[in-house]
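First comes the structure, then the notes that go with it.
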Amino acid sequence: MKKSTSVGVPLPGLHEQVLARIGPDLVGGVLVSGQVLRIEELEARYGVSRTVIREVVKVLESLQIVTSRRRVGVRVRPRREWNVFDPRIIRWRLDGPGRAEQLRLLSELRRGIEPVAAQLAARNATPEQCGKLTGAVIGMSVTGKAGDLEAYLAHDVVFHQVLLEASGNEMFAALAPVAAEVLTGRTHHDLMPARPSVAAIRLHGDVAQAVAGGSPEQARRAMNDIVEESMDAMDQLFPAL
């Protein structure tokens, strides 16, 4: 049975609300590296009980953003020590002032991973995975023409998730949530055109066809073109980077 606060709000729900406030404060620099905070300070800042703060701190410790020691307090760890692949940290950074930099870093990661994943998928994908890739492309085409960006996003996320899994490399497959956060962030922060590019959808189709046809080099090239198209679009939005 879920514990509740004094006003009857289920603790897990309140826990997520506080995490959604303190996380962006940490990644946005409101709470800075090296800063030590007392539990009482956090209670007062976020207006919740000590029990809630302690549970939130446990999550932040699992993300390697903070360390907590009795009689010392909660210390914000240097950014280089954070679990930067965790989807929550990515989401918070995309929601904050460092959005452009985070998108650049993620795009560079995609450039290094996804073309290779596509190449491997052309060797290792199952018939079921090939079918899912093709189905995702059809879904992207239909929803893209309709200008339904949320539905388009859902199909796009499936495409990249299946592609990473189809590579047969479990390390690549584990990055599927990262790819999903990149795509979701671009959509939810209005970094996508009102109607997705027909050329971009066609490239996704080229990848699906190359994977199904067992053409590794063709799959790699088409996936590389998708990533480069995405990076070019980002460069136009954030020319300073």
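Ion pair Lys58/Glu61 not flagged as a salt bridge, since none of the NZ, NE, NH1 or NH2 atoms sits closer than 4.0 Å to an Asp/Glu carboxylate oxygen. Residues Glu41 and Arg45 are not paired through a salt bridge, judged by the lack of any N-O separation under 4.0 Å between the basic side chain and the carboxylate. A salt bridge does not link Arg38 with Glu43: every distance from a Lys NZ or Arg NE/NH1/NH2 to an Asp or Glu carboxylate oxygen is 4.0 Å or more.
Residues Ile113 and Leu164 have side chains in contact (heavy-atom distance under 4.5 Å, counting atoms from C-beta outward).
A chain of hydrophobic side-chain contacts below 4.5 Å, direct or via other Ile, Leu, Val, Met, Phe, Trp or Tyr residues, connects Leu63 to Val178. There is a path of hydrophobic side-chain contacts, each under 4.5 Å, that joins Leu203 to Val158. Cluster membership for Leu163 and Leu153, using ILVMFWY side-chain heavy atoms within less than 4.5 angstrom, is not shared. Residues Leu42 and Val18 fall within the same hydrophobic cluster, defined by Ile, Leu, Val, Met, Phe, Trp and Tyr side chains chained together at heavy-atom separations under 4.5 Å.
Taking a 6.0 Å sphere around CD of Gln209, one finds it holds 12 or fewer heavy atoms contributed by other residues, nucleotides or ligands.
Just one of Glu114, Arg111, Arg186 meets the side-chain hydrogen bond (donor to acceptor under 3.5 Å, both in side chains) condition when paired with Ser230; it is Arg186.
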*asked:* The test is side-chain contact (heavy atoms from CB on, under 4.5 Å); show your working for Thr134 and Lys132 and say whether it passes.
replied: CA-CA 5 Å; Thr134 300; Lys132 287 182 178 179; over 6 Å; no
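Closest heavy-atom contact between Gln102 and Leu94: CG-CD2, 3.7 Å. Residues Asn83 and Ile89 approach most closely at O-CD1, 3.2 Å, considering heavy atoms. The two residues Leu120 and Ser167 have their closest heavy-atom pair at CB-O, 3.4 Å.
Ring pair His160/His204: centre-to-centre distance below 6.0 Å.
Under 3.5 Å, the side chains of His188 and Asp95 contain no donor-acceptor pair of N or O atoms.
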